[in-house]
Amino acid sequence: MSKFLILHRRARLLIGSTLVLLVLSGCGSDGEDQTSSETASATEAEEASDSSTSDEAEPASDSTTTSDPPTDEPAVIDECREIEHEMGTACVPVEPTRIIALDPLTVLPTLIAVDAPVLATISPYASGASFVDYLDETETDGIELIGSFDAELSLEEVAALEPDLIIGSISRLETTYELLQEIAPTVVTGYAFYDADWRDEIRLTADAAGHLDTADGLLADLDEQIVATRTALEAGPGTPTLTRVDVWQGTPLYYRFDCTWMGDLFSAVGLQQPTAQQADCSQGDPASAIGFLTLETLEVLEADAIVAYQQQATPDDVGRSPLDTLIESPLWPGLAAVERGDVHVFGDAWGLGGSIQAAEQILDDLTSTVYAG
């Protein structure tokens with residue numbers, strides 16, 4: 001809903017209220033004298049009638065009676081719970097039934113994991129055509145796609161769905177938060193991908209939807225899988241190192257683990273990042289969490305294993321492989337991981353993660369593929 005529509009609606013309500021007050025107060029000087037005279041006559045007649053019949057009336061009962069309470073209040077008043085979030089406090093329904101998830105990376109998978117009712121979401125892809133690939137089609141069946149992560153959000157489309165709760169990340173809602181609140185209670189999460197405390201965003205999302213206990217149980221299950229993965233990796237020779245590389249619009253980059261959600265996962269299972277990649281970074285700051293490379297500086301990628309993912313955020317990137325760019329460098333064939341064949345390209349769990357399901361997929365990939373030998 002645009003600012004114009006919201007102001008237009010408020011103006012209509014104000015005009016309507018003013019007209020009602022004018023009618024009730026009896027506008028027009030010629031009619032006032034006549035109305036006052038007629039009212040006085042009617043009052044005198046009514047008093048005379050009451051006086052003539054008072055002696056015939058039945059005696060009043062000694063018991064005290066009260067009139068019924070006003071019926072203009074709704075019979076049931078909806079309750080709500082206060083949830084503190086990135087941009088304030090929202091009073092959300094105790095049991096929301098029509099949730100819109102304006103974050104396809106963490107909020108949507110979390111709501112699906114805790115079995116919360118989701119009406120619609122946005123796609124992580126510029127095309128707006130699909131969900132992250134690690135979610136099963138049966139899990140997203142019936143959820144409407146209303147745009148993409150990078151496209152301008154249609155507030156009219158959101159309002160038309162009549163949600164009772166909206167949840168999304170600050171990277172998507174920061175500029176539309178005030179307008180979304182006019183539609184439904186809105187909860188804003190942090191951007192979990194660039195946050196080593198990504199579990200907090202899982203719990204905030206689940207709490208807003210009324211399923212915090214379920215999320216805590218799923219996180220406990222994930223911890224068990226983490227322990228099993230760490231045990232399996234420790235059975236190998238030495239402490240394994242890992243490089244996570246992407247290509248953004250033709251430019252290769254790597255992630256600094258200390259400031260990403262996946263880095264928290266890698267640390268928990270005992271993986272290390274190559275020393276050359278361990279520069280300081282700031283939580284929640286994507287610029288500091290990314291190290292851009294040139295084709296002449298790929299030696300910093302050297303590790304026991306290299307995992308790649310091609311971001312699909314722009315039309316030019318869709319369908320490309322990260323290796324298309326990396327192999328153009330004369331340094332690429334000489335990397336030990338490349339010579340051993342320890343380079344792996346995975347899907348959205350690695351590149352568009354930040355959820356319990358993505359973490360589970362990554363842990364499976366580590367033991368079944370990356371360090372299987």
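- Ile167 has its side chain out of reach of Leu102: every pair of non-hydrogen atoms, C-beta onward, lies at least 4.5 Å apart.
- Within the model, atoms CG of Leu173 and CD of Glu178 stand 11.0 Å from one another, a figure rounded to the nearest 0.5 Å.
- A donor-acceptor pair under 3.5 Å is formed between the side chain of Arg340 and the backbone N or O of Asp304.
- In this view, Asp258 satisfies the salt bridge (charged side-chain N to carboxylate O under 4.0 Å, His left out) rule with no residue, not counting sequence neighbours.
- Contact between Val247 and Gln310 at its shortest, heavy atoms only, is O-NE2, 3.0 Å.
- In this structure, Pro93 and Asp164 have side chains that are in contact, with non-hydrogen atoms separated by less than 4.5 Å.
- Within 6.0 Å of the CG atom in Asp115, the count of heavy atoms belonging to other residues, nucleotides or ligands does not exceed 12.
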Output, in order, the C-alpha distance, side-chain angles, deciding distance and verdict of side chain to side chain donor-acceptor pair (under 3.5 Å) for Tyr371 and Asp342.
CA-CA 9 Å; Tyr371 302 105; Asp342 288 328; over 6 Å; no
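- Annotation: side chain of Pro124 is in contact with side chain of Leu105 (closest heavy-atom distance under 4.5 Å).
- Residue-environment remark: CD (Gln249) exceeds the threshold of 12 foreign heavy atoms within 6.0 Å.
- Gln277 places a side-chain N or O within donor-acceptor distance of the main-chain N or O of Val300, the cut-off being under 3.5 Å.
- The backbone N or O of Ile143 lies less than 3.5 Å from no partner atom in the side chain of Thr140, so there is not a single donor-acceptor pair.
- Every residue meeting the salt bridge (charged side-chain N to carboxylate O under 4.0 Å, His left out) condition with Asp223, not counting sequence neighbours, appears here in chain and number order: Arg199.
- The aromatic rings of His344 and Phe346 sit parallel to each other, their planes meeting at less than 30°, with 60° as the upper class boundary.
- Rounded to the nearest 0.5 Å, atoms CD1 (Ile202) and CD1 (Ile356) are 5.0 Å apart.
- Between the side chain of Glu82 and the main chain of Ala90, no donor-acceptor pair closer than 3.5 Å is present.
- Taking each heavy atom of Ala358 and Gly354 in turn, the nearest pair found is CB-N, 4.2 Å.
- In Arg230, the CZ atom is crowded: over 12 heavy atoms of neighbouring residues, nucleotides or ligands sit closer than 6.0 Å.
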Report the C-alpha separation of Thr260 and Arg244 in whole Å, then their side-chain angles, then the decisive distance to 0.1 Å, and conclude whether the side chain to side chain donor-acceptor pair (under 3.5 Å) test is met.
CA-CA 11 Å; Thr260 64; Arg244 255 292 285 117; over 6 Å; no
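- Atom OG1 of Thr251 sits about 9.5 Å away from atom CG of Leu293, to the nearest 0.5 Å.
- A side-chain N or O of Gln361 and one of Asp365 form a donor-acceptor pair less than 3.5 Å apart.
- Val158 is listed as a side-chain neighbour of Ile146, based on a closest heavy-atom distance under 4.5 Å.
- Atom CD of Gln181 has more than 12 heavy atoms from other residues, nucleotides or ligands within 6.0 Å.
- Donor-acceptor pairing under 3.5 Å is recorded for the side chains of Tyr309 and Asp348.
- By the rule that hydrophobic residues join a cluster once side-chain heavy atoms approach within less than 4.5 Å of another member, Phe257 and Ile306 end up as members of separate clusters.
- The closest side-chain heavy-atom distance from Val92 to Arg81 is below 4.5 Å.
- Pairs engaging residues 196-252 under the ring pair (Phe, Tyr, Trp, His ring centres under 6.0 Å) rule: Trp198-Trp261 [sequence neighbours left out].
- The line from CE of Met87 to OG1 of Thr189 is 12.0 Å long, rounded to the nearest 0.5 Å.
- Neither Leu212 nor Leu219 shares a network with the other; the hydrophobic side chains, linked directly or stepwise wherever heavy atoms of I, L, V, M, F, W or Y lie under 4.5 Å apart, form separate groups for each.
- At least one donor-acceptor pair under 3.5 Å links the side chain of Thr243 to the backbone N or O of Leu301.
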Derivation of the side chain to side chain contact (heavy atoms under 4.5 Å, CB included) call for Tyr177 and His85
CA-CA 12 Å; Tyr177 172 66; His85 58 87; 3.3 Å; yes
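- Judged purely by atom type and a 3.5 angstrom limit, Thr367 uses its side chain to pair as donor or acceptor with the backbone of Asp364.
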Take Val188 and Glu174, measure what side chain to side chain contact (heavy atoms under 4.5 Å, CB included) needs, and give me the verdict at the end.
CA-CA 8 Å; Val188 182; Glu174 189 169 16; over 6 Å; no
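- Transitive grouping of hydrophobic side chains (ILVMFWY, heavy atoms separated by less than 4.5 Å) keeps Val245 and Phe266 in distinct clusters.
- Put simply, CG on Asp207 and OG1 on Thr214 are 11.5 Å apart, with the number rounded to the nearest 0.5 Å.
- Linking Ile, Leu, Val, Met, Phe, Trp and Tyr residues whenever their side-chain heavy atoms come within less than 4.5 Å places Val307 and Tyr194 in a single cluster.
- In this structure, the side chains of Gln357 and Leu135 come closer than 4.5 Å at one or more pairs of heavy atoms.
- Residues Ile122 and Pro104 approach most closely at O-CB, 3.0 Å, considering heavy atoms.
- Side-chain N or O atoms of Thr186 include one that pairs as donor or acceptor with a backbone N or O of Ala184 at under 3.5 Å.
- Defined by atom type and a distance below 3.5 Å, a donor-acceptor pair is present between the side-chain atoms of Ser355 and Tyr134.
- Here the side chain of Thr231 pairs a donor or acceptor atom with the backbone of Val227 at under 3.5 angstrom.
- Of all heavy-atom pairs spanning Leu295 and Pro252, the tightest one is CD2-CG, 4.3 Å.
- Taking every heavy atom of both residues into account, Gly190 and Ile170 meet most closely at CA-CG2, 4.3 Å.
- Going from atom OG of Ser169 over to atom CG of Leu204 covers 11.5 Å, rounded to the nearest 0.5 Å.
- For the pair Thr110 (side chain) and Thr205 (backbone), a donor-acceptor distance under 3.5 Å is absent.
- Using a 4.5 Å heavy-atom threshold, the side chains of Ile226 and Leu265 count as touching.
- Just one residue in the list Trp350, Phe193, Phe292 forms a ring pair (Phe, Tyr, Trp, His ring centres under 6.0 Å) with Tyr255, and that residue is Phe193.
- Side-chain atoms of Asp150 and Tyr125 include no donor-acceptor pair closer than 3.5 Å.
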Pair Leu153, Leu180 - check side chain to side chain contact (heavy atoms under 4.5 Å, CB included), show working.
CA-CA 10 Å; Leu153 182 67; Leu180 288 170; 4.2 Å; yes
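- For CD of Glu234, the number of neighbouring non-hydrogen atoms (other residues, nucleotides, ligands) closer than 6.0 Å is greater than 12.
- Side-chain heavy atoms closer than 4.5 Å link hydrophobic residues (I, L, V, M, F, W, Y) into clusters, and following such links, possibly through other members, connects Ile327 to Leu298.
- Judged by distance alone, the side chain of Arg98 and the main-chain N or O of Val118 form no donor-acceptor pair under 3.5 Å.
- The two residues Ala116 and Ile99 have their closest heavy-atom pair at CB-CD1, 4.1 Å.
- At a threshold of 4.5 Å between non-hydrogen side-chain atoms, the residues Phe131 and Asp136 do not count as touching.
- Environment of CD in Glu137: sparse, with no more than 12 heavy atoms of neighbouring residues, nucleotides or ligands closer than 6.0 Å.
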